[in-house]
Enquirer: 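Submitted below is the structure of interest, expressed as structure tokens.
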Amino acid sequence: MSNPDYAAYTKTVIDSIGPGASPRAKVVFPILIKHLHAFMVEADISTEELLAACDMLVGAGKVSDERRNEVLLVSDTLGCESLCDTLDSARAARAADKAAAGGADPDSPEAIGCSAIIGPFYRTGVPEQPNGTSIIRHPEPNAPYTFMHGTIFGSDGKPLPDALVDIWHDAPDGLYDAQTPEKPEYHCRGRFRTDKDGKWSAIILKPTPYPIPYDHQAGDMLKLMDRHPFRPAHVHLWIHHPKHRSFVTQIFNSDSEYLKDDAVFAVKDNLIVEYKPISKDYKQPHGIDGEVIYELKQDFRLPAAV
Ligand code: BEZ
Ligand code: FE
């Protein structure tokens with residue numbers, strides 16, 4: 001073939017999709033095939049490169065387990081999880097506009113566009129603990145202890161009792177609990193429930209920037225692209241309430257490195273927060289290994305249920 005008809009070939013592959021494909025598959029696969037073929041033609045991909053990509057995915061699958069999802073990590077380094085988060089927000093905004101046009105209460109605009117990716121370090125089964133208590137379960141004597149507190153509002157703007165706040169962040173060594181099984185379970189991770197006024201609070205640490213795991217395929221890809229693996233310092237939150245859509249976000253320290261070049265592209269301007277010095281009137285709690293030196297107040301308004 002001196003002058004292959006790539007467009008006709010792509011059409012043949014798309015036309016092979018049968019009538020029994022689901023409505024969503026009928027939308028997704030033609031678009032996937034169209035762009036995948038266009039990418040391969042434009043980049044002039046060789047069979048050797050295709051096989052290397054397949055090997056990379058197989059390898060990523062092999063090193064994945066319930067503590068580590070290397071495939072998600074690979075997608076993160078390509079910006080895919082953050083792009084999905086942006087698409088989810090845009091979809092929610094369209095649904096809210098439609099509901100408002102039909103006379104329903106508009107969704108909370110504060111919740112839309114304030115979400116962020118969940119990442120691979122979320123863990124289920126974390127026990128609930130009383131408000132104001134510490135999630136630091138391993139001695140961290142010189143760490144920047146922080147009193148974090150806030151109010152969770154419902155989509156109607158009223159304080160929301162009984163919302164569950166899941167919170168997790170890295171330890172001062174830049175590692176999550178799942179990466180340090182020698183430390184007590186759930187170090188720097190906790191669950192809190194809002195009181196009758198929608199308020200919750202916890203003792204956390206001001207987090208530190210850290211590299212995403214780069215010892216396997218995601219790291220190999222970063223090297224191929226001459227990129228660093230670092231994320232700016234952040235706290236993860238997942239807020240649940242039975243009458244609302246659950247809400248996943250991250251909040252980033254305003255003085256952190258890597259805000260402009262997050263390895264997984266998750267930073268949004270409205271998620272950057274300032275840690276303030278703790279007030280002199282704050283009563284230092286018993287039973288922690290250091291001194292609370294910062295205060296972080298952050299309220300959230302949850303999106304309405306769909
Ligand atoms: C995280 O923030 O925990 C994370 C997100 C994406 C990739 C790796 C880590
Ligand atoms: Fe993280």
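Computed from a prediction, not measured in an experiment: that's the story for all the values here. We count ligands from 1, going down the list as the structure has it; atoms in each ligand are counted the same way.
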Enquirer: Measure from the side-chain N and O atoms of S134 to the backbone N and O of I136, and report whether any donor-acceptor pair falls under 3.5 Å.
Expert: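 Yes, because the side chain of S134 sits within donor-acceptor range (under 3.5 Å) of the backbone of I136.
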Enquirer: Relative to the ring of Y176, is the ring of F121 parallel (under 30°), tilted (30 to 60°) or perpendicular (over 60°)?
Expert: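 F121 and Y176: parallel rings.
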Enquirer: How wide is the angle at the Fe ion (ligand 2) between NE2 of H236 and OH of Y210, to the nearest 10°?
Expert: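 Rounding to the nearest 10 degrees gives 160°.
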Enquirer: Strictly below 4.0 Å, N to O, side chains only: are K199 and D195 in salt-bridge contact?
Expert: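 Judged by the 4.0 Å cut-off on N to carboxylate O distance, K199 and D195 do not form a salt bridge.
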Enquirer: Between the Fe ion (ligand 2) and H234, which N, O or S atom of the residue is the nearest one?
Expert: NE2
Enquirer: Is it true that some N/O/S atom of H169, main chain or side chain, lies under 2.8 Å from the Fe ion (ligand 2)?
Expert: no
Enquirer: Exactly one of D170, D177, D173 should register a salt bridge (Lys or Arg N to Asp or Glu O under 4.0 Å) with K183. Which one does?
Expert: D173
Enquirer: Would Q250 count as a contact for the Fe ion (ligand 2), in the sense that one of its N, O or S atoms lies under 2.8 Å from it?
Expert: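 It does not: Q250 brings no N, O or S atom closer than 2.8 Å to the Fe ion (ligand 2).
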Enquirer: Which residue in the set H241, H240, H236 passes ring-ring contact (aromatic ring centres under 6.0 Å, His included) when paired with W238?
Expert: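 Single pass found, and it is H240.
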Enquirer: List the residues meeting side chain to side chain donor-acceptor pair (under 3.5 Å) with D65, not counting sequence neighbours, and say none if there are none.
Expert: none
Enquirer: Mind listing the N or O contacts between ligand 1 and protein, cut-off under 3.5 Å?
Expert:
from: ligand 1; atom 1: 2 (O); to: Y210; atom 2: OH; distance (Å): 2.7
from: ligand 1; atom 1: 2 (O); to: R231; atom 2: NH1; distance (Å): 2.5
from: ligand 1; atom 1: 2 (O); to: H234; atom 2: NE2; distance (Å): 3.0
from: ligand 1; atom 1: 2 (O); to: H236; atom 2: NE2; distance (Å): 2.9
from: ligand 1; atom 1: 3 (O); to: Y210; atom 2: OH; distance (Å): 2.8
from: ligand 1; atom 1: 3 (O); to: H236; atom 2: NE2; distance (Å): 3.1

Enquirer: Within a radius of less than 6.0 Å around NZ of K297, do more than 12 heavy atoms belonging to other residues, nucleotides or ligands occur?
Expert: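 Enclosed: over 12 neighbouring heavy atoms sit under 6.0 Å from NZ of K297.
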Enquirer: Roughly how far apart are F147 CZ and Y275 OH, rounded to 0.5 Å?
Expert: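 One gets 13.5 Å once the value is rounded to the nearest 0.5 Å.
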